[in-house]
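Reading through the structure tokens given below for one structure.
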Amino acid sequence: AFIQALQQAGVTVTASPTGPNPEALLPPVASYQPGDMVGKYVSLPLSQFINLILKVSYNRGADLMTCLAAVKVGSTDCQQGLTAELATITKLGIPSESVFPFDGAGSDDQGRTTAAAMASFLRRARTTSYGRSLYDALPVLGRSGTLANVLTKSAVAGHAQLKTGNRAVGSPTNQIMLLGNSLGGYVETKSGRHVTVMVVVGNVPATSSSIVLLVTDEQAEMVAAIYNDL
């Protein structure tokens, strides 16, 4: 992306934007002096990037977050970002044996977590410095993001900030298995209570991909019941 941006700005770059990355051709780290700078790009705040990832389930961005977390702890190995992620979770009191991340986006079928761990993380994250940014970035049921078209006419619409998550796989025999489908976040109930919810199902045989949407709709109905009755 950086090579393409330079080329679009009229800068000649001999390296190709695709294919192997000629990392060995780069100058040593910290070899440039401040006086060598010819330009600077400042990105939007991290909260805006998180907003994009969570609102539309931008998996590529979620995987990139793992790399950014690695850089934050001084590593260029993206896998170290998972270690940093687990450290962040356990600092909130979540048992490490209840969360097993294998990638940033949750697209690795080996990844595992418990509903209790996710609910605890969401509840305790609200008390952190990043809690507000996390809350604001979540899709709003019936209003925005991946939940914009779910229960739009329901009383709960606009009162629940939730993240969808699903993983379905096809077998060599053309069968479909919904490995997991989750809906978790925050609900401001009809009585004015603020509650954290996590609804998860797993290992559901599916006759078609539309089953994923059906499960999400039914989980949203559960959230609507929580809104109405608590």
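Fair warning: this is a prediction, and the values are worked out from it, not measured in the lab.
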Determine whether Val56 and Ile50 fall in the same hydrophobic cluster, where Ile, Leu, Val, Met, Phe, Trp and Tyr are linked whenever their side-chain heavy atoms lie under 4.5 Å apart. yes

Same cluster for Leu64 and Val71 if Ile/Leu/Val/Met/Phe/Trp/Tyr side chains link at under 4.5 Å? no

Check against side-chain contact (heavy atoms from CB on, under 4.5 Å), Ile94 and Met118: CA-CA 9 Å; Ile94 313 302; Met118 286 302 303; over 6 Å; no

Is there a donor-acceptor contact under 3.5 Å linking the side chains of Ser182 and Asn166? no

Please test Val156 against Lys190 for side-chain contact (heavy atoms from CB on, under 4.5 Å), starting from the C-alpha separation and ending with a verdict. CA-CA 8 Å; Val156 72; Lys190 183 186 294 186; over 6 Å; no

Has Asp63 got a side-chain atom pairing as donor or acceptor with Gly104's backbone, closer than 3.5 angstrom? yes

Check for me, please, whether Leu134 and Met198 land in the same ILVMFWY cluster - side-chain distances under 4.5 Å, paths through other members count. yes

Note, Arg112 side chain near Pro101 side chain (heavy atom, < 4.5 Å): no

State whether the side chain of Arg167 and the backbone N or O of Ser107 hold a donor-acceptor pair below 3.5 Å, judged by distance alone. yes

For Gln4 and Pro17 the tightest heavy-atom approach is CG-CB, 3.7 Å

For a quick test of reading the model, state the closest non-hydrogen atom pair linking Glu221 to Leu151 and the distance between them. OE2-CD2, 3.4 Å

Would you find a donor on one side and an acceptor on the other, under 3.5 Å apart, between the side chain of Lys55 and the backbone of Ala137? yes

d(Ser120 OG, Leu92 CG) to nearest 0.5 Å is 9.5 Å

Can you find a heavy atom in the side chain of Pro27 that is under 4.5 Å from one in the side chain of Tyr32? yes

Looking at side-chain heavy atoms only, is the closest gap between Val204 and Asn181 below 4.5 Å? no

Taking the side chain as everything from C-beta on, heavy atoms only, tell me whether Tyr227 gets closer than 4.5 Å to Val223. no

Output, in order, the C-alpha distance, side-chain angles, deciding distance and verdict of side chain to side chain donor-acceptor pair (under 3.5 Å) for Thr146 and Thr164. CA-CA 7 Å; Thr146 53; Thr164 55; 3.2 Å; yes

Hey, does Met222 have a side-chain heavy atom less than 4.5 Å from the side chain of Leu183? no

Looking at every non-hydrogen atom in both residues, tell me the closest pair between Val140 and Gly158 and how far apart they are. CG1-CA, 3.6 Å

Do Gln8 and Leu6 touch side chain to side chain, with heavy atoms closer than 4.5 Å? no

Output the distance between atom CG (Asp103) and atom SG (Cys78), rounded to the nearest 0.5 Å. 11.5 Å

Distance check, rounded to the nearest 0.5 Å: Arg124 atom CZ versus Lys91 atom NZ? 15.5 Å

Over 12 non-hydrogen atoms of neighbours within 6.0 angstrom of CZ in Arg126: yes

Run the side chain to side chain donor-acceptor pair (under 3.5 Å) test on Asp136 and Ser47 for me, step by step, so that the C-alpha distance in whole Å, both residues' side-chain angles and the decisive distance to 0.1 Å come before the verdict. CA-CA 9 Å; Asp136 291 341; Ser47 59; over 6 Å; no

Do side-chain atoms of Gln161 reach the backbone of Pro139 as a donor and acceptor pair under 3.5 angstrom? no

Using a 4.5 Å cut-off on heavy atoms from C-beta on, say whether the side chain of Phe49 contacts that of Leu68. yes

Minimum heavy-atom separation for Val197 and Leu122, please, with both atom names. O-CD1, 4.1 Å

Under a single-linkage definition using a 4.5 Å side-chain heavy-atom cutoff for Ile, Leu, Val, Met, Phe, Trp and Tyr, are Leu46 and Leu44 assigned to the same hydrophobic cluster? no

Could you tell me whether Asp36 atom CG has more than 12 heavy atoms of other residues or ligands within 6.0 Å of it? yes

To the closest 0.5 Å, what do you measure between CD1 (Ile53) and OH (Tyr58)? 8.0 Å

Nearest heavy-atom pair of Val200 and Ala115: which atoms, and what distance? CG2-CB, 4.0 Å

Heavy-atom donor-acceptor pair, Thr113 side chain to Ser98 backbone, under 3.5 Å: yes

Does Thr152 use its side chain to pair, donor to acceptor, with the backbone of Asn149 at less than 3.5 Å? no

Report yes or no: does Ser154 contribute a side-chain atom to a donor-acceptor pair with the main-chain N or O of Ala157 at less than 3.5 Å? no

Side-chain heavy atoms nearer than 4.5 Å, only ILVMFWY residues, links allowed to pass through others: does that put Val187 and Leu141 together? yes

Quick one: closest heavy-atom pair of Ala62 and Ala105, and the distance? CB-CA, 3.8 Å

Are any side-chain N or O atoms of Ser171 and backbone N or O atoms of Gln175, one a donor and one an acceptor, separated by less than 3.5 Å? yes

Nearest 0.5 angstrom please: Phe121 CZ to Thr196 OG1, how far? 11.0 Å

Determine whether Leu138 and Tyr186 make a side-chain contact, defined as any pair of heavy atoms from C-beta on separated by less than 4.5 Å. yes

Does Thr88 reach the main-chain N or O of Ala84 with its side chain, forming a donor-acceptor pair under 3.5 Å? yes

Could you state the interatomic distance from CD1 (Ile211) to CG (Asp217), rounded to the nearest 0.5 Å? 11.0 Å

Can you list the steps and then say if Leu179 with Val169 is a side-chain contact (heavy atoms from CB on, under 4.5 Å)? CA-CA 7 Å; Leu179 294 182; Val169 295; 3.9 Å; yes

For the pair Glu85 (side chain) and Gln80 (backbone), establish whether a donor and an acceptor sit closer than 3.5 Å, ignoring hydrogens and angles. no

